[in-house]
Amino acid sequence: MEATSSADSTPSIEELQRSDRPFVLVDHAGLVLAINQAFQEAYGWEEQDLLDQPLSMILPEAFQMSHHLGFSRFQATELSTILAHPLRLKTACRDGSICVSEHYIVAEKHGDNWLFGATLTPLPEGTQPDA
């Protein structure tokens, strides 16, 4: 298993998943494999809403295309500027509202495929996103 960052302090997907923060696990195709209870409580999504669905379901529509492009670029180059450091990004909630969350994303290669894990911590209303 390879991590995209050589920094020893970068947590593994398993460590993120064990935390008490809202967590989402995504496969190499961008499909949701798992969310935790904290994610469900924070954003209103039920597990059955998201499992095997594109991650773009939790992205505001205006950011879906750029996410797809970045995801594809990473798959091709295995280079990223967004992994393993906090980002303030917009997240789409189940009720249609949009909130700003701190996303912390890590990637691990398993065989020929990448897995992506992220914590998405809701931030106070009025917080400005990075993008």
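- The shortest side-chain heavy-atom distance between Asp27 and Asn113 does not fall under the 4.5 Å cut-off.
- Nearest heavy atoms, Ala29 versus Phe71: C-CE2, 3.9 Å.
- Looking only at distances, no side-chain donor or acceptor of Gln53 sits under 3.5 Å from a matching main-chain atom of Val32.
- In this structure, the side chains of Leu120 and Tyr43 come closer than 4.5 Å at one or more pairs of heavy atoms.
- Closest heavy-atom contact between Ala42 and Pro22: CB-CG, 3.9 Å.
- Heavy atoms only, all atoms of each residue included: Thr119 and Ser19 are closest at CG2-OG, 3.9 Å.
- No donor-acceptor pair under 3.5 Å is formed between the side chain of Asn36 and the backbone N or O of Asp20.
- Under a hydrophobic clustering in which Ile, Leu, Val, Met, Phe, Trp and Tyr are joined whenever their side-chain heavy atoms come within less than 4.5 Å, directly or via other members, Val24 and Leu123 fall into different clusters.
- Rounding to the nearest 0.5 Å places CD of Glu46 at 8.5 Å from CZ of Arg94.
- Note that CD1 of Ile35 is 11.0 Å distant from CZ of Phe23, once rounded to the nearest 0.5 Å.
- In the hydrophobic clustering of this structure, Leu59 does not group with Val26; members are Ile, Leu, Val, Met, Phe, Trp, Tyr whose side-chain heavy atoms approach within less than 4.5 Å, directly or through other members.
- Follow the hydrophobic side-chain contacts under 4.5 Å out from Leu31 and you never reach Ile58; the two are in separate clusters.
- Annotation: Met57, atom CE; neighbour count of heavy atoms from other residues, nucleotides and ligands within 6.0 Å is above 12.
- Atoms CD and OG1, on Glu15 and Thr10 in that order, are 10.0 Å from each other to the nearest 0.5 Å.
- Across every non-hydrogen atom of Glu108 and Ile13, the tightest pair is OE2-N, 2.8 Å.
- Proximity of a side-chain donor or acceptor of Gln64 to a complementary backbone N or O of Ser56 within less than 3.5 Å is detected.
- Across every non-hydrogen atom of Glu78 and Trp114, the tightest pair is OE2-NE1, 3.3 Å.
- Between atom OG1 of residue Thr91 and atom CZ of residue Phe63 there is a gap of 10.5 Å, rounded to the nearest 0.5 Å.
- Residue Glu61 qualifies as open at atom CD: its count of foreign heavy atoms under 6.0 Å is 12 or below.
- Looking at every heavy atom in both residues, Leu50 comes nearest to Phe39 through CD1-CE2, 3.7 Å.
- A distance of 9.5 Å separates OG of Ser66 from CZ of Arg73, quoted to the nearest 0.5 Å.
- Here the straight-line distance linking atom CD of Gln40 with atom CH2 of Trp45 works out to 12.0 Å at 0.5 Å rounding.
- Contacts of Tyr104 classified as ring pair (Phe, Tyr, Trp, His ring centres under 6.0 Å), with partners at least two apart in sequence or in another chain: none.
- In this structure, the side chain of Arg88 engages the main chain of Gln128 through a donor-acceptor pair within 3.5 Å.
- The environment of Gln37 atom CD is dense: over 12 non-hydrogen atoms of other residues, nucleotides or ligands sit within 6.0 angstrom.
- Of the possible polar contacts, one joining the Ser80 side chain to the Ile82 backbone as a donor-acceptor pair under 3.5 Å is found.
- Under the ring pair (Phe, Tyr, Trp, His ring centres under 6.0 Å) criterion, His85 pairs with no residue, sequence neighbours left out.
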